[in-house]
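The structure presented is a predicted model; accordingly, all values stated were derived computationally and were not measured. Counting starts at 1 for both ligands and their atoms, following the listed order.
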Amino acid sequence: MKLLVTGGAGFIGSSFVRLALKDGHAVTVLDALTYCGNLANLDPVKSHAKYRFVKGDVRDGKLADELLANKEHGAPFDCLVHFAAESHVDRSILDASPFISTNIAGTQVLLDAARRHVAAGGKLRYLQVSTDEVYGSADDGKPFTESTPIKPNSPYAASKASADLLVRAYHHTYKLDTVITRCSNNYGPYQFPEKLIPLFTTNLFEGRKVPVYGDGMQVRDWIHCDDHSRGVLAVLAKGKSGEVYNLGGGNPMPNLEITKRLIKATGRDESSIEYVKDRPGHDRVYLIDHTKVTRELGWEPQVPFGEGLAATVQWYRDNEAWWRAIKSGEYLKYYEQQYVKR
Ligand code: NAD
Ligand code: DAU
């Protein structure tokens with residue numbers, strides 16, 4: 001497949017790009033390189049013959065039209081895979097504006113570009129990378145299925161749910177070929193150290209405390225980012241048009257349990273834990289049922305959580321320069337100087 005991938009310089013997008021190229025697909029990345037977009041995440045593929053990078057914003061409709069039409073950028077594409085988003089819940093609580101703008105308006109801009117492209121005789125499958133957070137909190141203990149009502153609780157989740165509804169509407173109204181994936185919490189290499197696992201791992205390496213929100217008993221279902229990427233590839237290739245597919249790791253676990261595992265893996269002790277004020281509106285539990293994608297497309301997560309977590313901690317141990325550059329802000333200079341020609 002020839003793929004146009006937004007957000008490919010982020011955590012999961014870059015996992016997807018590395019895997020897609022390895023599988024023989026051609027990839028053009030469109031990424032604005034916001035605070036969490038990092039070209040160092042794409043270093044392993046930067047010389048690959050089938051890889052291209054374009055710096056740009058998903059809210060730029062003219063650029064999207066140009067990319068979908070221009071052979072120099074890899075067109076004609078078979079699929080547009082939309083990973084780009086503002087992705088951090090705590091940031092959305094501080095200021096929802098960039099979330100509404102990028103996650104909702106950005107999705108609309110891309111859907112319109114895809115619609116124009118198809119109206120002009122092109123072919124394109126549109127895949128929206130969504131999240132289990134659109135379902136809200138599974139307080140009744142019942143895992144989310146694709147027919148669980150959408151009840152987003154944070155501004156981030158509401159922006160992702162709104163984008164999903166737009167995708168649904170464009171499929172219904174314009175017969176656009178769309179698919180949506182909704183995945184649970186990802187972990188793995190290259191994750192921006194503001195999220196639980198890389199923040200705690202790197203804090204522990206530095207001998208600092210780890211801030212556990214509330215009582216630490218909130219449950220998340222953890223999946224390795226490469227399993228998520230393989231799920232996206234499966235849905236792209238075989239998913240039924242107009243459908244939603246849940247992806248999950250089958251590893252629901254309280255945050256405190258993850259914290260204790262990280263403390264053990266880094267050789268620290270529980271005096272590193274600092275209980276802090278809870279996140280406002282904090283979802284208590286995410287549980288995801290992914291039987292549909294397994295039954296229909298044969299996808300299943302492959303990375304056992306214990307192994308994946310140990311390898312992830314090792315990756316942060318081995319790639320100290322990568323996370324130190326982020327924590328100090330140096331990485332911003334890195335990509336501006338090394339790669340981005342304006
Ligand atoms: P991330 O924050 O690491 O990366 C986001 C990427 O999008 C960055 O490269 C950034 O530069 C780019 N971007 C942001 N705004 C942009 C814009 N306006 N134009 C172009 N590029 C822009 O995110 P992530 O954790 O890799 O998440 C990727 C996607 O997966 C998101 O859509 C997120 O909602 C979804 N998701 C994430 C998780 C998770 O656990 N992290 C789970 C399920 C779904
Ligand atoms: O469920 C999928 C979602 O997972 C994605 O859609 C989001 O993009 C992604 O950021 C993630 O959201 P979470 O809010 O679950 O991830 P985060 O790593 O921020 O937090 C995980 C849990 O850990 C959550 O219950 C909050 C808690 N936490 C987090 C941080 C950063 C802490 O206790 N302390 C912290 O410092």
Side-chain angles (χ1 to χ4, degrees), residues 5-17 29-39 41-42 54-60 63-64 81-93 98-99 101-103 105-107 109-110 128-135 137 144 152-154 156-157 159-160 163 181-188 190-200 203 209-223 225 228-229 231-232 246-249 253-256 258-259 273-279 282-286 288 335:
V5 179
T6 73
F11 160 51
I12 308 167
S14 67
S15 150
F16 178 82
V17 172
V29 171
L30 168 64
D31 197 299
L33 298 177
T34 64
Y35 77 94
C36 62
N38 187 348
L39 276 173
N41 301 358
L42 291 165
V54 177
K55 186 178 183 213
D57 199 298
V58 295
R59 293 163 292 186
D60 182 346
L63 175 61
V81 191
H82 184 30
F83 281 96
E86 290 292 336
S87 71
H88 194 46
V89 174
D90 293 326
R91 286 178 187 262
S92 81
I93 295 168
F99 289 76
S101 177
T102 282
N103 299 0
T107 297
V109 167
L110 292 179
Q128 178 75 7
V129 179
S130 185
T131 169
D132 63 354
E133 298 205 8
V134 300
Y135 297 119
S137 191
F144 308 130
N153 287 323
S154 70
Y156 161 72
S159 70
K160 294 295 288 185
T181 56
R182 292 188 182 139
C183 191
S184 59
N185 279 65
N186 284 223
Y187 70 96
Y190 300 101
Q191 186 169 28
F192 199 84
E194 63 185 351
K195 307 277 164 70
L196 180 80
I197 288 182
L199 176 72
F200 282 20
N203 272 12
K209 298 232 183 224
V210 293
V212 171
Y213 296 163
D215 63 3
M217 294 311 290
Q218 305 82 4
V219 172
R220 296 291 183 267
D221 174 13
W222 295 94
I223 181 172
C225 55
H228 183 180
S229 297
V232 170
N246 285 349
L247 301 168
M253 207 172 276
N255 294 337
L256 206 49
I258 300 277
T259 306
I273 297 177
E274 182 171 34
Y275 289 94
V276 299
K277 200 165 161 277
D278 208 352
R279 173 186 279 174
H282 200 168
D283 282 335
R284 197 71 185 161
V285 50
Y286 299 148
I288 193 140
Y335 67 68

When you look for protein heavy atoms under 4.0 Å from ligand 1, which residues do they belong to?
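Shell around ligand 1 (4.0 Å, heavy atoms): Gly7, Ala9, Gly10, Phe11, Ile12, Asp31, Ala32, Leu33, Thr34, Cys36, Gly37, Gly56, Asp57, Val58, Arg59, Phe83, Ala84, Ala85, Ser87, Thr102, Val129, Ser130, Thr131, Tyr156, Lys160, Cys183, Ser184, Asn185, Asn186, Lys195.
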
Is the shortest heavy-atom distance from the side chain of [X] to the side chain of [Y] under 4.5 Å?
X      : Y      : value
His82  : Val129 : no
Phe192 : Phe11  : no
Pro211 : Asn203 : yes
Glu194 : Asp90  : no
Asp57  : Leu63  : no

Decide whether an N or O pair under 3.5 Å exists between [X] and ligand 2.
X      : answer
Asn255 : yes
Arg279 : yes
Val89  : no
His282 : yes
Thr131 : yes
Val212 : no
Tyr213 : yes
Asp132 : yes

Identity and distance of the protein heavy atom lying nearest [atom]:
atom                    : result
atom 5 (C) of ligand 2  : Tyr156 OH, 3.6 Å
atom 16 (O) of ligand 2 : Asn185 ND2, 3.5 Å
atom 31 (C) of ligand 2 : Glu194 O, 3.3 Å
atom 21 (C) of ligand 2 : Leu196 CB, 3.9 Å
atom 9 (C) of ligand 2  : Ser87 O, 3.9 Å

Tell me which one of Glu133, Glu86, Arg284 gets a heavy atom nearest to atom 3 (C) of ligand 2.
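Result: the heavy atom closest to atom 3 (C) of ligand 2 is in Glu133.
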
With respect to atom 34 (N) of ligand 2, which of Gly214, Gly216, Pro211 exhibits the smallest heavy-atom separation?
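Considering heavy atoms of Gly214, Gly216, Pro211, the nearest to atom 34 (N) of ligand 2 sits in Pro211.
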
Please test Val89 against Glu133 for side-chain contact (heavy atoms from CB on, under 4.5 Å), starting from the C-alpha separation and ending with a verdict.
CA-CA 10 Å; Val89 174; Glu133 298 205 8; 3.4 Å; yes

Considering residues at least two apart in sequence or located in another chain, which fulfil the side-chain hydrogen bond (donor to acceptor under 3.5 Å, both in side chains) criterion with [X]?
X      : answer
Glu274 : none
Ser87  : Lys195
Tyr275 : none

Please report the interatomic distance [atom1]([X]) to [atom2]([Y]), rounded to the nearest 0.5 Å.
X      : Y      : atom1 : atom2 : value
Arg91  : Ser154 : CZ    : OG    : 14.5 Å
Gln128 : Thr6   : CD    : OG1   : 8.0 Å
Asp215 : Leu256 : CG    : CG    : 8.0 Å

Pairing of Asp278 and Arg284 as salt bridge, 4.0 angstrom limit:
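Judged by the 4.0 Å cut-off on N to carboxylate O distance, Asp278 and Arg284 do not form a salt bridge.
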
May I ask you to check whether Glu86 and Asn103 show a side-chain donor-acceptor distance below 3.5 Å?
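No, because no side-chain N or O of Glu86 sits under 3.5 Å from a partner of the opposite role on Asn103.
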
Is there a heavy atom in Lys160 that sits closer than 4.0 Å to ligand 2?
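Contact check Lys160 vs ligand 2: negative.
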
Show the atoms of ligand 2 that are less than 4.0 angstrom away from any heavy atom in Phe200.
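Atoms satisfying the 4.0 Å criterion: 34 (N), 35 (C), 36 (O).
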
Backbone, side chain, both or neither: what part of Leu199 comes under 4.0 angstrom of ligand 2, heavy atoms only?
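Only the side chain of Leu199 comes within reach of ligand 2.
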
